[in-house]
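It should be emphasised that the depicted structure is a prediction, and the values quoted were computed from it without experimental measurement.
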Amino acid sequence: MEMKIGENIRTLRQQKNINQEALAAAFSVSIQAVSKWETGASLPDVALIPSIAEFFGVTIDQLFYGLDSKAADAVGTEPPAEAPSWQGREKGLPFPNDNKVRVVQYIGHRLVKAADKDLWDGILLNLEETMENISMSKSRSLQIEVWGHAQLEGDLTGDIHAGGSVECGEVEGDVHAGGSVNCGEISGDARVGGSLSCGEIGGDVTVGGDAQIEGEVSGDLKAGGSIACGDVSGNVNAHGGSVECRNVDGDVKAQNVTCGEVGGDVQAKTVTHIHP
């Protein structure tokens with residue numbers, strides 16, 4: 001899925017009926033910075049991403065990929081007026097009946113959402129015990145959604161969505177996080193609002209901060225900061241940062257590039273080719 005945060009910011013700003021000057025004032029940045037966001041010349045600072053999503057009433061995933069995208073932090077989802085009954089009553093719950101393992105935090109009757117992310121605690125899940133508790137086979141894919149920071153003990157067969165950061169072992173699926181991610185190999189896509197440190201990745205990667213990948217990337221790789229990785233089968237784009245990698249099948253765009261062979265075009269101020 002293509003990241004289009006600049007286009008989305010422009011659309012959301014226009015829907016809110018405010019100009020670039022008002023948006024710039026809301027986040028203490030220049031009008032030129034907002035203009036660069038909307039034209040795709042640069043990305044917002046990673047620290048601003050959650051606040052921008054909250055300002056427009058959308059999720060971080062929707063801010064990056066469009067309003068039809070579903071994300072774990074669910075900024076725009078309102079909690080029930082009263083504490084829900086967990087004795088089988090589904091009406092009033094702010095979640096779809098989708099068979100996901102969903103971990104949320106309440107303070108009294110109030111659901112702690114991304115707007116209150118400073119109140120989130122780290123949530124520790126032992127994956128083997130979790131699957132036993134819900135009577136699932138270890139071979140079955142497990143879909144986990146955490147409204148907070150997720151610390152997973154063990155490897156995950158399935159997807160993990162978290163509004164905050166994620167720490168885990170290997171993931172045979174996708175990883176979506178509003179914060180940073182530190183994990184093993186990822187077989188699917190990775191969409192990360194903060195920084196990323198992991199093993200090889202079997203899909204596309206979009207990172208708001210720096211990306212440190214110990215292995216290959218079997219797709220496109222985009223980051224708001226710098227990138228260090230192995231071979232990449234797609235394009236590599238480091239907005240305003242540097243790229244250090246092995247061979248790239250597609251294009252490379254960054255301030256400074258150090259790499260092996262590149263199958264496409266290279267756009268950079270400095271380019272240094274390394275030879276295995």
Side-chain angles (χ1 to χ4, degrees), residues 1-76 113-118 120 149 161-166 175-181 189-197 204-212 220-228 235-243 253-256 267-269:
M1 184 178 293
E2 182 182 359
M3 183 178 69
K4 46 185 179 180
I5 184 171
E7 177 183 333
N8 294 331
I9 288 175
R10 182 178 66 251
T11 299
L12 291 165
R13 176 181 60 78
Q14 292 171 345
Q15 289 176 351
K16 205 173 180 70
N17 197 27
I18 60 175
N19 56 28
Q20 290 184 340
E21 183 177 3
L23 184 60
F27 296 101
S28 300
V29 299
S30 66
I31 299 174
Q32 290 79 8
V34 172
S35 178
K36 288 182 178 180
W37 297 348
E38 295 186 352
T39 59
S42 67
L43 287 174
D45 187 280
V46 63
L48 290 177
I49 296 294
S51 297
I52 295 173
E54 180 181 347
F55 179 82
F56 288 121
V58 299
T59 67
I60 292 175
D61 220 32
Q62 288 170 334
L63 186 66
F64 272 87
Y65 298 98
L67 295 180
D68 59 344
S69 181
K70 296 178 180 179
D73 53 354
V75 175
K113 303 185 296 178
D116 308 306
K117 58 184 178 296
D118 291 341
W120 274 341
H149 306 296
H161 291 239
S165 60
V166 172
V175 176
H176 296 186
S180 297
V181 170
D189 298 333
R191 303 179 193 168
V192 180
S195 61
L196 170 65
S197 178
D204 296 327
V205 183
T206 302
V207 184
D210 296 333
Q212 181 78 34
D220 294 332
L221 173 54
K222 302 176 184 178
S226 296
I227 293 171
N235 300 318
V236 177
N237 191 336
H239 293 270
S242 61
V243 170
K253 183 178 180 181
Q255 292 292 315
N256 305 294
Q267 298 181 43
K269 291 182 178 179

Taking the side chain as every heavy atom from C-beta outward, state whether Val205 and Asp189 have any pair of such atoms under 4.5 Å apart.
no
Residue pair Glu38 / Gln20: nearest heavy atoms and the distance that separates them:
OE1-NE2, 2.9 Å
Are any side-chain N or O atoms of Ser35 and backbone N or O atoms of Ile31, one a donor and one an acceptor, separated by less than 3.5 Å?
no
Check Gly179 against Val192 and note the closest heavy-atom contact, atom names and distance.
O-CG1, 3.1 Å
Any side-chain donor near an acceptor of the partner, Ser165 and Ser180, under 3.5 Å:
no
Within a strict 4.5 Å, meaning less than it, do heavy atoms of the Leu23 and Ile9 side chains meet?
yes
For Ala53 and Leu63, work out which heavy atoms get closest and say how close.
N-CD2, 4.0 Å
Specify the closest pair of heavy atoms between Ala223 and Gly209, including all atoms of both residues, with the distance to one decimal.
CB-O, 3.5 Å
Counting only heavy atoms not in Gln14, do more than 12 sit closer than 6.0 Å to its CD atom?
yes
On a heavy-atom basis, the closest approach of Gly194 and Val207 is O-CG1, 3.0 Å
Ser42 side chain to His239 side chain, donor-acceptor N/O pair below 3.5 angstrom:
no
Heavy-atom pair of closest approach, residues Ala177 and Gly164
CB-O, 3.5 Å
